[in-house]
Asks: 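Once you've had a glance at the structure underneath, I'll fire off some questions.
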Amino acid sequence: MTQNTSPEPVVAIVVAAGSGVRLGGEVPKALRVLAGRPLVRWSVDALAAGGVTQVVVVVADGLQDTFADALVGASVPFAVVVGGATRQESVARGIAALPPGEVVLVHDAARPLVPADVVRDVVAAVRAGAPAAIPVVPVSDTVRQVAGAGSIVVDRSGLRAVQTPQGFAREALLSAHAAAAGRDYTDDAAVCESVGYEVVLVPGSREALKITEPYDLAVAEAIVRARG
Ligand code: CTP
Ligand code: MG
């Protein structure tokens, strides 16, 4: 396990501007409550537990005050800014509001239970020189690729599922996002890769699951109960 004992700031962008169509419900996904606290609050506190010192939370227009209220009492200082139509645009809006810090994490508000060790390991990989570092887990299901009416099995031994927080050297993230503006990538590591930066993999955790559908919220409730 690595420890963040450095006084240097580690800043994070938490993207929370999605609506959560697949989860459903009356409020945006990041404001849905897990064990008494909104998902966004869990996510910010999880980053703080892993050594993050300041957070920019990116939210849908009109919800700035609602999110600020939901984050009262959070473990680190935070700013709230308005996001864009895609996740990538929301990250870009967060980048525009970043406080100083050479290590920058980008995290989905929808991953509320990422363990502190995973956050620390991502930060440590960037401190050790990686321009981009991402947590990954093996794919446990057998995977088939569909093509037309048929399908073929895919060797899953070489596959990894990608989680957040993803960590970056500040200059790598900023320059890659500027170069990628207007082209759509699946995540920030792919944005960095598109301009030639190496992406380093670190072990993720099943507990860093992304809340996507109602089932995931039930799993997260169970994880919180098991943690005691
Ligand atoms: N996100 C964002 N801005 C967008 C779209 C997504 O900040 N324009 C954020 C979401 O708030 C979420 C993360 O990106 O924390 C991952 O996206 P996803 O899980 O797809 O969340 P939603 O887009 O909200 O959900 P859905 O796709 O079901 O509507
Ligand atoms: Mg989405």
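Remember, it's 1-based here, ligands and their atoms both numbered in the order they're listed.
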Asks: Indicate yes or no: does Arg87 engage Asp187 in a salt bridge with an N to O separation below 4.0 Å.
Replies: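 No.
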Asks: How far is atom 29 (O) of ligand 1 from the closest protein heavy atom, and which atom is that?
Replies: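 Answer, as residue, atom name and distance: Val21 N, 2.8 Å.
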Asks: So between Gly84, Gly83, Gly18, whose heavy atom ends up nearest atom 8 (N) of ligand 1?
Replies: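 Going through Gly84, Gly83, Gly18 one by one, Gly84 has the nearest heavy atom to atom 8 (N) of ligand 1.
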Asks: Does ligand 1 have a heavy atom under 4.0 Å from the side chain of Ala17, from its backbone, from both, or from neither?
Replies: both
Asks: Classify the contact between Lys210 and ligand 1 as side chain, backbone, both or neither, using a heavy-atom distance cut-off of under 4.0 Å.
Replies: side chain
Asks: Using only atom types and a distance under 3.5 Å, with no angle test, would you say the side chain of Gln64 pairs donor to acceptor with the backbone of Val59?
Replies: no
Asks: Using a 4.5 Å cut-off on heavy atoms from C-beta on, say whether the side chain of Leu209 contacts that of Ile223.
Replies: yes
Asks: Looking at ligand 1, does any of its N/O atoms fall within less than 3.5 Å of an N/O of Ile211?
Replies: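 Among all N and O atoms of Ile211, none is under 3.5 Å from an N or O of ligand 1.
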Asks: Is ligand 1 under 4.0 Å from a heavy atom in the side chain of Val91, in the backbone, in both, or in neither?
Replies: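 Neither part.
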Asks: Quick one: which of Val15, Asp108, Leu39 has a heavy atom closest to atom 9 (C) of ligand 1?
Replies: Val15
Asks: Which is closest to atom 27 (O) of ligand 1 by heavy-atom distance: Lys29, Arg93, Arg22, Glu89?
Replies: Arg22
Asks: Looking at Glu171, is its backbone amide N or carbonyl O close enough to the side chain of Glu102 to form a donor-acceptor pair, meaning the two atoms are under 3.5 Å apart?
Replies: no
Asks: Can you see whether Arg156 engages Thr142 through a side-chain donor-acceptor pair at a distance of less than 3.5 angstrom?
Replies: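 Yes, a side-chain donor-acceptor pair sits under 3.5 Å.
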Asks: Out of curiosity, Leu201 CG to Arg160 CZ, how far, rounded to the nearest 0.5 Å?
Replies: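 Reported to 0.5 Å precision, the distance equals 8.0 Å.
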Asks: Just to confirm my output: which protein heavy-atom neighbour is closest to atom 3 (N) of ligand 1, and how far is it?
Replies: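 Nearest neighbour among protein heavy atoms for atom 3 (N) of ligand 1, to 0.1 Å: Ser90 OG, 2.7 Å.
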Asks: Apart from Val153 itself, what residues make up its hydrophobic cluster when side-chain heavy atoms of I, L, V, M, F, W and Y under 4.5 Å apart count as a link, directly or indirectly?
Replies: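 Other cluster members: none.
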Asks: Judged by non-hydrogen atoms, does Thr212 sit under 4.0 Å from ligand 1?
Replies: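 No; Thr212 lies far enough from ligand 1 that no heavy-atom distance drops under 4.0 Å.
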Asks: Considering only protein heavy atoms, which is closest to atom 24 (O) of ligand 1, and at what distance to one decimal place?
Replies: Gly20 N, 2.9 Å
Asks: Using a heavy-atom cut-off of under 4.0 Å, does the side chain or the backbone of Pro28 touch ligand 1, or both, or neither?
Replies: neither
Asks: For Val33, is there any backbone N or O sitting under 3.5 Å from a side-chain donor or acceptor partner on Arg41?
Replies: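 Side chain of Arg41 to backbone of Val33: no pair is present.
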Asks: Need the ligand 1 atom indices (1-based, order shown) with element for anything under 4.0 Å from a heavy-atom of Ala110.
Replies: 15 (O)
Asks: State the atoms of ligand 1, each with its element, that fall below the 4.0 Å cut-off from a heavy-atom position in Ala85.
Replies: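 Ligand 1 atoms under the 4.0 Å threshold to Ala85: 8 (N).
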Asks: Could you check if a side-chain atom of Leu105 sits within less than 4.5 angstrom of a side-chain atom of Gln166, using non-hydrogen atoms only?
Replies: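 No, too far: nothing below the 4.5 Å cut-off.
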Asks: Go through ligand 1 atom by atom and flag the ones less than 4.0 Å from a non-hydrogen atom of Thr86.
Replies: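 The list of qualifying atoms is 3 (N), 4 (C), 8 (N).
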Asks: Between Glu213 and Leu23, is any pair of side-chain heavy atoms under 4.5 Å apart?
Replies: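 Side-chain contact under 4.5 Å: no.
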Asks: By number and element, which atoms of ligand 1 are closer than 4.0 Å to a non-hydrogen atom of Ser19?
Replies: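 Going through ligand 1 atom by atom, the ones under 4.0 Å from Ser19 are 24 (O).
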